[in-house]
There are 4 protein chains.
Amino acid sequence: MKRDKPKYKQIVDAAVVAIAENGYHQAQVSKIAKVAGVADGTIYLYFKNKEDILISVFREKMGVFVENVKVILQKEISATEKLYKMIDNHFSLLHSDRHLAIVTQLELRQSNKELRYKINEVLKEYLTLLDSILKEGIEQGEFDEEIDIRLARQMVFGTIDETITSWVMNDQKYDLMKLAPEVHRLLLKGMKA
Amino acid sequence: MKRDKPKYKQIVDAAVVAIAENGYHQAQVSKIAKVAGVADGTIYLYFKNKEDILISVFREKMGVFVENVKVILQKEISATEKLYKMIDNHFSLLHSDRHLAIVTQLELRQSNKELRYKINEVLKEYLTLLDSILKEGIEQGEFDEEIDIRLARQMVFGTIDETITSWVMNDQKYDLMKLAPEVHRLLLKGMKA
Amino acid sequence: MKRDKPKYKQIVDAAVVAIAENGYHQAQVSKIAKVAGVADGTIYLYFKNKEDILISVFREKMGVFVENVKVILQKEISATEKLYKMIDNHFSLLHSDRHLAIVTQLELRQSNKELRYKINEVLKEYLTLLDSILKEGIEQGEFDEEIDIRLARQMVFGTIDETITSWVMNDQKYDLMKLAPEVHRLLLKGMKA
Amino acid sequence: MKRDKPKYKQIVDAAVVAIAENGYHQAQVSKIAKVAGVADGTIYLYFKNKEDILISVFREKMGVFVENVKVILQKEISATEKLYKMIDNHFSLLHSDRHLAIVTQLELRQSNKELRYKINEVLKEYLTLLDSILKEGIEQGEFDEEIDIRLARQMVFGTIDETITSWVMNDQKYDLMKLAPEVHRLLLKGMKA
DNA sequence: AATGAATGAGTTTTCATTCAT
DNA sequence: TATGAATGAAAACTCATTCAT
C-alpha cells in the first residue's frame with residue numbers, strides 16, 4: 001500500500017509546507033517535490049495527479065481529527081464534556097501546526113469546486129461524529145430537545161471554523177487555545193435544555 | 001465618476017452571472033465582456049484589472065447589505081429584534097438572487113488570498129454593524145454581559161454563513177427563509193442574559 | 001472565415017517549413033509561430049490545436065492537387081493522357097516545393113494514427129478522382145476491363161508514392177520530373193486493354 | 001550472443017504485441033517489459049535503448065521475409081513465377097500474423113525519421129533480392145528490357161505495400177491472399193516483354 | 001542476471017492585458 | 001469612448017533510462 005510508504009507521508013507533509021509558505025496557486029508540483037526532497041516524477045509514483053495530492057493532504061490530516069473524536073466519543077463523560085473536548089481537540093490540532101492551519105483555513109478553500117466537493121466528502125465523516133454528540137446530548141436531556149440537529153451542527157462548526165479562520169487571518173497572534181472555554185460556553189448556552 | 005455610469009453596473013452584473021454560471025476559474029474576462037455586451041478592451045476603461053472587477057462585485061453587492069442594516073440600526077426596536085432583522089435581511093438578499101448566492105458562498109472563496117483579504121476589508125464594515133447590535137444588546141441588558149463581543153460576532157456570522165453555504169451546496173432546494181427564526185432563536189439563547 | 005485571412009496561410013506555410021527543417025517531433029508550436037512571425041498565442045486564434053495545424057497543412061496543400069486534377073478531368077483528352085497529366089501534376093507539385101515533399105512523404109507519416117486517419121479522409125477525395133480516370137479508361141476501352149479498380153488504384157498511387165518517397169529519401173538529388181513518362185508507361189502497360 | 005538467448009526473442013515478440021495492441025506512441029518500454037514478463041531494467045541488458053528494440057523487431061521479422069525469398073531465388077522456376085512466389089510469401093507472412101501486419105504497415109511508420117532510415121537499411125536487402133528477380137526476368141527475356149529496374153522495383157514494392165496497408169486499414173476484413181494473383185497479373189502486365 | 005524505484009527534461013495551451021484604429 | 005486582434009508567460013505530467021540491491 002502506497003499510503004504506508006515513508007515517501008507518501010513525506011510528500012503530503014511537503015505539500016502542507018509548500019502551500020502554507022507559497023500559497024495555493026504558487027505551490028507548483030515542482031515546489032512540493034523540492035520541499036519533499038524528491039524528483040518531480042516521483043510525486044506521480046504516489047499520487048495520480050496534483051488534485052490527488054491535495055485531497056490526500058486533507059484526508060490524512062482530517063483523519064487525525066476524526067480518530068481523536070472517535071476516542072472522545074467512547075469516553076464515559078457527558079455530551080457537554082464531549083463537545084468541549086471536540087472543540088479543544090480541533091483548536092489544539094491546528095494551534096500546534098501553524099502550516100496546517102493556514103492550509104485548511106485559507107489556502108485549500110481557493111481550490112476549485114470539484115476539489116472542494118471531494119474535500120467536503122471527507123469532512124462529512126467528521127460532521128457526522130459531531131451529530132452523534134448532539135444527538136446524545138439531546139437524548140440525555142442535556143441539550144434542548146427542540147433544536148434542529150442540522151442547524152445546531154452548522155452553528156457549532158460555523159463558529160469553530162470562523163473563530164479559527166479569524167485567528168489565522170490575524171497571523172495567529174493571540175492564543176487560540178484560550179478561546180476554547182468561551183466558545184464552548186457560548187455554543188452550549190444556545191443549545192442546552 | 002465611473003461607478004455611476006451604466007456600463008459599470010452592467011459589467012458588475014455580468015460578472016456575477018458569468019461567475020455563477022461558469023465558475024470562478026472559468027469566468028474569463030472575455031466571457032464577462034460577452035455577457036455584458038461590450039468588447040474585452042472596454043472592461044479596462046472601467047476596471048484596473050480582473051481583480052478589480054471581483055472586488056467591485058463584492059463591494060457593490062455588500063453595499064446593499066450594509067445599507068439595509070444601517071436602516072435596521074436606526075429603528076426603535078430591541079437589539080434582539082435588530083438581530084433578527086439582520087439575519088432575515090442577510091438570508092433574504094441571497095435567497096432572492098441565486099447567482100449572487102453562488103458567487104459569494106462558493107465561487108469567490110476560491111479567489112487567491114490577496115483578493116480575499118481585500119474582500120475581508122469590505123466585510124469589516126458589515127461586521128462592525130453587527131458588533132453595534134451586540135454592544136447595544138449588552139448595554140440594554142438583553143445579552144449576557146459576560147460574552148466576548150468578538151467571539152459572539154464570530155458565532156453569529158459563522159452560523160449565518162455556514163447555514164447559507166449548506167443551502168447553496170444543496171442546490172438551494174429547501175426554503176432558506178424558513179430557517180431564519182430558528183437560527184435567530186439558537187443564537188439568541190447562546191447570548192441572552 | 002479564418003481560412004481566408006492572410007495569417008492563416010502564413011501559419012500553414014510556416015508549419016511546412018518548420019516541419020521540413022526540424023522534423024515532425026521537433027516542430028514545436030513555438031517554432032512554427034517563430035517562423036510565421038507571430039506570437040505563440042496567435043496560432044490559437046486560427047487553429048484549435050496543434051493537430052488542427054497539421055491537418056490544415058495537408059488539406060490546404062492537397063487542395064491544390066485536387067483542384068488541378070479536377071481541371072485535368074474536364075479536358076477533352078483520353079484517359080491515358082489524363083493519367084499522364086495526373087502523374088505529372090503530382091510529381092510537379094512536390095518537385096517544385098522541396099519542403100512540402102519532405103513533409104508529405106516523410107514527416108507527416110510519423111504522426112499518430114488518429115491524425116493519419118484524418119489525413120486519409122482528405123486523401124480519399126484525391127483517390128476518388130483517380131478512380132474516375134480509371135473508370136473512364138475502362139469505359140472507353142483504353143484500359144483492360146478485367147482490372148480491379150481498387151487494386152489498380154493502389155498500384156498507381158503506391159507506385160507514385162513510392163517513387164517520390166525514394167526520391168526524397170535520396171535527398172532529391174536526381175530529377176524527379178524525368179521519371180514521369182516511364183512511370184506512366186509502366187503503369188499503363190499493366191492496365192491497358 | 002544475446003540474440004540467441006530466449007529472453008531476446010521474448011522481448012522482440014512482446015514489442016510486436018505491445019505496439020500492435022497499444023499503438024506506437026503508447027507502447028512504453030515498461031509496457032513491453034510487462035508483456036514480456038521481465039522487469040523494465042532487464043530490457044536494457046539485451047537492448048541498447050528503445051530504438052534498438054524497434055530496429056530489432058524489424059530486423060528479426062524481415063529476416064524471415066529475406067530467408068524465404070532467398071529460397072525462392074534458388075528454385076528452378078521462371079522469374080515470373082519467382083515474382084509470384086515473392087508476392088505470395090509477402091502477403092502470406094503478414095496475413096498469418098495480424099499483430100505484425102499492424103506494426104509494419106501502420107505503427108512503425110510513425111517512428112521518427114532516423115529510425116525509419118535505419119529500417120530502410122534493413123529493407124534494402126529485401127529490395128535487392130527483388131532486383132535480382134527483375135534482372136533475371138529481363139535477362140531471360142520474360143520482362144521488357146526497356147524497363148528501369150529502380151522504377152519497376154518501386155512499382156512492385158509500392159503496389160504490394162499499398163495493397164497490404166489498405167487491407168490493414170480496413171481491419172483485415174477481406175481475404176488478402178486472394179488478391180495475390182491479380183496483383184501479380186497487373187504488375188506482370190506492366191513489365192512483361 | 002535481474003529487479004524496479006527513482007530520476008528530470010521537455011511542450012502545448014490558456015487568458016489577462018495592451019494598443020492601434 | 002469603444003473595439004478586438006495580438007501578445008507571451010507559465011505549469012502539470014510522461015516516460016526512457018539508470019543503478020543500488
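In what follows, chains are A, B, ... by sequence order, proteins preceding strands, each numbered from 1.
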- Query: Starting at NZ of Lys34(A) and ending at P of dT7(E), how long is that distance when rounded to a whole Å?
  - Reply: 14 Å
- Message: Going by the rule side-chain hydrogen bond (donor to acceptor under 3.5 Å, both in side chains), which residues pair with Lys31(C) if we only count those two or more places apart in sequence or in a different chain?
- Response: Gln28(C)
- For dT13(E), the nucleotide meeting Watson-Crick or G-U wobble distances (both under 3.5 Å) is dA10(F)
- Message: Let's test this: given Watson-Crick or G-U wobble pairing with both distances under 3.5 Å, identify the partner of dA5(F).
- Response: dT18(E)
- Query: Tyr46(A) side chain: which of dT3(F), dA6(E), dA1(E) is closest?
  - Reply: dA6(E)
- Closest non-hydrogen atom pair, Lys50(C) against Ala27(C): NZ-O, 3.1 Å
- Query: Rounded to the nearest Å, what distance is computed from the CG atom of residue Leu54(C) to the P atom of nucleotide dT12(E)?
  - Reply: 10 Å
- Query: Tell me, which of residues 7-20 of chain A have any heavy atom that sits under 4.0 Å from an atom in DNA chain E?
  - Reply: Lys7(A)
- Query: Backbone N or O of Val38(D) within a donor-acceptor pair of the Thr42(D) side chain at under 3.5 Å?
  - Reply: no
- Task: Only counting residues at least two apart or in another chain, list the ones meeting side-chain hydrogen bond (donor to acceptor under 3.5 Å, both in side chains) with Asp13(B).
- Result: Lys61(B)
- Task: Indicate the ring-plane relationship of Phe47(D) and Tyr8(D), choosing parallel, tilted or perpendicular according to the 30° and 60° boundaries.
- Result: parallel
- Query: For dA5(F), does OP1 or OP2 lie under 4.0 Å from any side-chain N or O of Lys5(C)?
  - Reply: no
- Note on the structure: Nearest heavy-atom approach of Ala14(C) to Ile32(C) is CB-O, 3.6 Å
- Query: How would you list, by chain and number, every residue that makes a side-chain contact (heavy atoms from CB on, under 4.5 Å) with Glu121(D), sequence neighbours excluded?
  - Reply: Lys124(D)
- Message: Any base atoms under 4.0 Å from Phe47(C), or only sugar-phosphate, or nothing? Heavy atoms, all strands.
- Response: nothing
- Could you state the atom-to-atom distance from NZ of Lys31(C) to C1' of dG10(E) in whole Å? 12 Å
- Message: According to side-chain hydrogen bond (donor to acceptor under 3.5 Å, both in side chains), who are the partners of Arg109(A), at least two apart in sequence or on a separate chain?
- Response: Asp161(A)
- Message: Taking CD in Gln105(B) as the centre, count heavy atoms belonging to other residues, nucleotides or ligands within less than 6.0 Å. Is the count above 12?
- Response: yes
- Going 5' to 3' through nucleotides 13-21 of chain F and flagging B where a protein heavy-atom sits under 4.0 Å of the base, S where only the sugar-phosphate is that close, and - otherwise, we get BBSSBB---
